[in-house]
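Step one of this worksheet: look at the structure below.
The figures here come from the full heavy-atom set of this structure, side chains too, leaving out hydrogens, waters and symmetry mates.
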Amino acid sequence: MGVPVVVLPRRRPARAGLRVAVPVLFLAVLALAVLAPELLTRVDPLAADPLGALSPPGGAHPLGTDHLGRDVLSRVVHGARHSISIGVGATVLAVVAGVLLGLAAGLSPKWLDEALARSFDVLSTLPELLLALLVVAITGPGTVNVIFAIAVAQIPNYARVIRAQTFVVRHSGYVEQARTFGRGRLAITFGHVLPNVLGPIPVLATIGLGTAVIAGSGLSFLGMGPQPPAAEWGAMLSEGRNYLRVAWWEALFPGIAITLTVVCLTVVGRRLQRRFEGRSS
């Protein structure tokens with residue numbers, strides 16, 4: 001008679017929860033920097049002190065000062081408002097337009113659906129930053145134009161997913177039943193189809209927000225976003241690159257802020273994706 005084998009349930013490592021808790025905590029601090037930066041630092045990000053220019057980190061300036069003597073920590077904290085606002089604005093605009101276009105494609109006659117689908121495919125073949133740069137070149141620099149440009153570049157990502165989801169939902173049993181009961185086209189679309197195709201959107205939007213932050217910082221680095229003396233991470237990188245040999249901290253800390261923001265958003269987005277797909281780890 002064989003010895004019974006007891007299979008113990010696998011314990012989820014504590015580090016798994018920590019890998020999510022740390023990014024969430026960072027994003028919470030980032031949200032505080034966007035909504036109430038004065039709670040994190042009371043130094044004016046625009047206050048220049050030529051005599052204290054390019055001071056290394058330490059003392060009254062934990063992250064040092066830039067070439068005009070402005071406090072780098074204060075500019076990084078206040079710069080979050082510009083950088084994150086651009087990313088959030090572009091993501092919201094892209095989600096709304098992408099959902100509407102994807103829904104329209106999935107419910108349209110075949111010829112219109114094919115035309116929209118091919119348009120999504122063509123736009124998706126272009127790198128997002130390159131497409132956004134093209135739009136900004138047409139519309140001109142400025143925060144609003146940068147938001148619009150990034151949104152245009154991201155719309156196909158959401159439209160293609162919503163279109164595919166719409167094809168599945170429109171042939172489902174509850175939609176067919178609603179048609180049988182005489183529900184109108186608009187009632188079915190907004191009462192049954194739309195609520196059931198939005199499932200992947202929180203995951204896509206969380207990850208897409210990180211991409212939008214990178215794109216916004218990249219365009220600001222090229223001088224197309226918020227104009228000086230506004231504190232914005234990409235613009236700070238652009239200014240600091242000229243002083244890397246003598247003041248590495250001026251460009252390093254905005255770069256770290258961008259990197260951590262994107263990494264944390266990606267980690268949280270991947271976690272949401274696993275939960276959406278029914279995977280626990």
Minimum heavy-atom separation for [X] to [Y], with atom names?
X      : Y      : answer
Pro156 : Leu123 : CG-CB, 3.5 Å
Gln154 : Ala212 : NE2-N, 3.5 Å
Arg81  : Pro37  : NH2-CD, 3.2 Å
Ala149 : Val136 : CB-CG2, 3.4 Å
Thr166 : Ile162 : OG1-O, 2.7 Å
Thr206 : Pro202 : OG1-O, 2.7 Å

Minimum side-chain heavy-atom gap [X]-[Y] below 4.5 Å:
X      : Y      : value
Leu73  : Val77  : yes
Pro229 : Arg70  : yes
Leu46  : His78  : no
Val99  : Leu198 : yes
Ser238 : Ser220 : no
Arg42  : Ser74  : no

**OP:** Show the numbers, then the answer: is there a side-chain contact (heavy atoms from CB on, under 4.5 Å) between Trp249 and Leu63?
**Re:** CA-CA 7 Å; Trp249 52 87; Leu63 301 186; 6.0 Å; no
If I take atom [atom1] from residue [X] and atom [atom2] from residue [Y], how far apart are they, to the nearest 0.5 angstrom?
X      : Y      : atom1 : atom2 : result
Ile150 : Leu133 : CD1   : CG    : 11.0 Å
Arg163 : Leu107 : CZ    : CG    : 11.5 Å
Asp121 : Leu116 : CG    : CG    : 11.0 Å
Ile258 : Ile214 : CD1   : CD1   : 8.0 Å
Ile86  : Thr91  : CD1   : OG1   : 11.5 Å
Leu244 : Leu252 : CG    : CG    : 9.0 Å

Tell me whether [Y] is reachable from [X] by hopping between hydrophobic residues (I, L, V, M, F, W, Y) whose side-chain heavy atoms are closer than 4.5 Å.
X      : Y      : value
Leu209 : Leu260 : yes
Phe221 : Trp233 : yes
Ile207 : Val88  : yes
Leu30  : Leu25  : no
Leu131 : Val213 : no

Donor-acceptor pair, distance only, cut-off 3.5 Å: does the side chain of [X] make one with the backbone of [Y]?
X      : Y      : result
Arg75  : Pro45  : yes
Ser85  : His82  : no
Arg275 : Leu272 : no
Gln227 : Gly223 : yes
Asn145 : Thr139 : yes
Thr65  : Ser55  : yes

**OP:** Verify the neighbour count for atom CZ of Phe148: are there more than 12 heavy atoms of other residues, nucleotides or ligands below 6.0 Å?
**Re:** no
**OP:** Assess whether atom CZ of Arg118 is packed by more than 12 heavy atoms of other residues, nucleotides or ligands within 6.0 Å.
**Re:** yes
**OP:** Output, in order, the C-alpha distance, side-chain angles, deciding distance and verdict of side-chain contact (heavy atoms from CB on, under 4.5 Å) for Asp113 and Phe167.
**Re:** CA-CA 11 Å; Asp113 171 54; Phe167 277 131; 3.4 Å; yes
Original post:
Do His67 and Glu250 have a side chain donor and acceptor closer than 3.5 Å?
Top reply: yes
Subject >> Test side-chain contact (heavy atoms from CB on, under 4.5 Å) applied to Thr41 and Val76, step by step >> reply: CA-CA 10 Å; Thr41 176; Val76 169; over 6 Å; no
**OP:** Test side-chain contact (heavy atoms from CB on, under 4.5 Å) on Leu204 and Val161 and set out the steps.
**Re:** CA-CA 9 Å; Leu204 295 176; Val161 172; 3.7 Å; yes
